[in-house]
Peer 1: 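The structure under discussion is supplied below as structure tokens; questions concerning it will follow.
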Amino acid sequence: DAGVIQSPRHEVTEMGQEVTLRCKPISGHNSLFWYRQTMMRGLELLIYFNNNVPIDDSGMPEDRFSAKMPNASFSTLKIQPSEPRDSAVYFCASSLFGGFEEAPIGYTFGSGTRLTVV
Amino acid sequence: AQKVTQAQTEISVVEKEDVTLDCVYETRDTTYYLFWYKQPPSGELVFLIRRNSFDEQNEISGRYSWNFQKSTSSFNFTITASQVVDSAVYFCALSEAADTDKLIFGTGTRLQVFP
């Protein structure tokens, strides 16, 4: 299994530009998560999907952030317009969620995208 | 609300020493799941263990062991005979049965093992 695949690994962009981060979850996993990691705030859950449907986006910092999951094998996180404070490592993770009160099989993380906004 | 506290920001040890990383959690749910992840310098997050709230048996995997105590809401992680390759940031995390997909992380403990 190739694991969770994120692209790009590194992204440097100028303030005001649109940034799109991509994620391919593990085949067969039905939940997908976007996390952001910064020194100040640690690992924050931004949004997660179950069966391609957004379940909780309360962690999305503001309207500049949006996420989509058009099918079971692909998700995007978009920042428009980007700002220097968005600089962070963005992780995508997937899991197999068996249902209410069933333990998730385990969350597998991608290698992350290091975003730098200058 | 769920919360995970890792009070130790950074720990330094010399190779072959034993080291324990502390994790204290808060939850109102009676069914929940606890995790440990390792983040080596390369940056990826590596799953180490998952434990559910009904299983208080301690677990050992090679040099790694975990001590789960519901009475003190703790899920501590011990590395025996530490090695330089154990140097990493270790995260404890919690998800509640009522919101199983929401994995909340502690702030992490940076472990440095010196030769």
Side-chain angles (χ1 to χ4, degrees), chain A residues 1-6 9-10 25-26 29-59 69 88-115, chain B residues 1-10 23 25 27-56 59 61 66 68 75 88-110:
Chain A
D1 195 328
V4 176
I5 300 172
Q6 290 187 247
R9 288 297 306 273
H10 302 275
I26 289 175
H29 281 189
N30 58 1
S31 290
L32 182 140
F33 312 82
W34 283 99
Y35 283 85
R36 178 172 68 175
Q37 186 176 29
T38 61
M39 288 294 292
M40 293 296 293
R41 301 174 69 92
L43 273 159
E44 304 173 272
L45 176 63
L46 300 178
I47 185 171
Y48 71 90
F49 297 83
N50 183 254
N51 293 321
N52 311 338
V53 176
I55 303 300
D56 185 348
D57 66 353
S58 59
M69 192 165 186
V89 179
Y90 291 82
F91 286 101
C92 176
S94 69
S95 74
L96 180 59
F97 178 46
F100 185 71
E101 293 199 351
E102 287 191 34
I105 302 303
Y107 301 76
T108 303
F109 284 78
S111 300
T113 294
R114 183 174 294 277
L115 173 65
Chain B
Q2 58 194 125
K3 183 180 178 182
V4 177
T5 301
Q6 295 180 256
Q8 304 152 308
T9 305
E10 187 164 342
C23 173
Y25 61 91
T27 177
R28 295 177 187 165
D29 212 332
T30 55
T31 303
Y32 51 89
Y33 308 95
L34 296 163
F35 301 78
W36 276 94
Y37 280 83
K38 174 182 179 180
Q39 187 174 41
S42 52
E44 72 270 26
L45 282 156
V46 179
F47 168 79
L48 295 179
I49 189 173
R50 182 198 76 200
R51 174 66 51 160
N52 74 53
S53 53
F54 297 111
D55 183 1
E56 287 194 72
E59 182 153 342
S61 177
W66 290 269
F68 176 28
F75 186 44
V89 180
Y90 291 86
F91 291 93
C92 181
L94 164 72
S95 69
E96 297 174 327
D99 197 2
T100 311
D101 273 0
K102 199 165 185 174
L103 187 62
I104 301 301
F105 285 85
T107 51
T109 297
R110 180 179 299 277

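Please read all numbers here as calculations on a predicted model, not as lab measurements. Values below: all heavy atoms of this structure, side chains included; hydrogens, waters and symmetry mates excluded. Here is the naming used below: chain letters follow the sequence lines, and residue numbers restart at 1 for every chain.
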Peer 1: Only counting residues at least two apart or in another chain, list the ones meeting salt bridge (Lys or Arg N to Asp or Glu O under 4.0 Å) with Arg110(B).
Peer 2: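 Scan of Arg110(B) (salt bridge (Lys or Arg N to Asp or Glu O under 4.0 Å), adjacent residues dropped) gives none.
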Peer 1: So, does Trp66(B) use its side chain to make a donor-acceptor pair with the main chain of Ser61(B) at under 3.5 Å?
Peer 2: no
Peer 1: Given a strict heavy-atom distance threshold of 4.5 Å, which part of Tyr32(B) is in contact with chain A: side chain, backbone, both, or neither?
Peer 2: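 It is neither, since no heavy atom gets under 4.5 Å.
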Peer 1: Tell me, for Glu44(A) versus chain B, whether the close heavy atoms (under 4.5 Å) come from the side chain, the backbone, both or neither.
Peer 2: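 For Glu44(A), there is no contact with chain B at all, as no heavy atom is under 4.5 Å.
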Peer 1: Got a sec, which residues hit salt bridge (Lys or Arg N to Asp or Glu O under 4.0 Å) with Arg51(B), two or more places apart in sequence or on another chain?
Peer 2: Asp55(B), Glu59(B)
Peer 1: With a 4.5 angstrom heavy-atom cut-off, which part of Gln6(B) approaches chain A: side chain, backbone, both or neither?
Peer 2: neither
Peer 1: Aromatic ring centroids of Phe91(A) and Tyr35(A) under 6.0 Å?
Peer 2: no
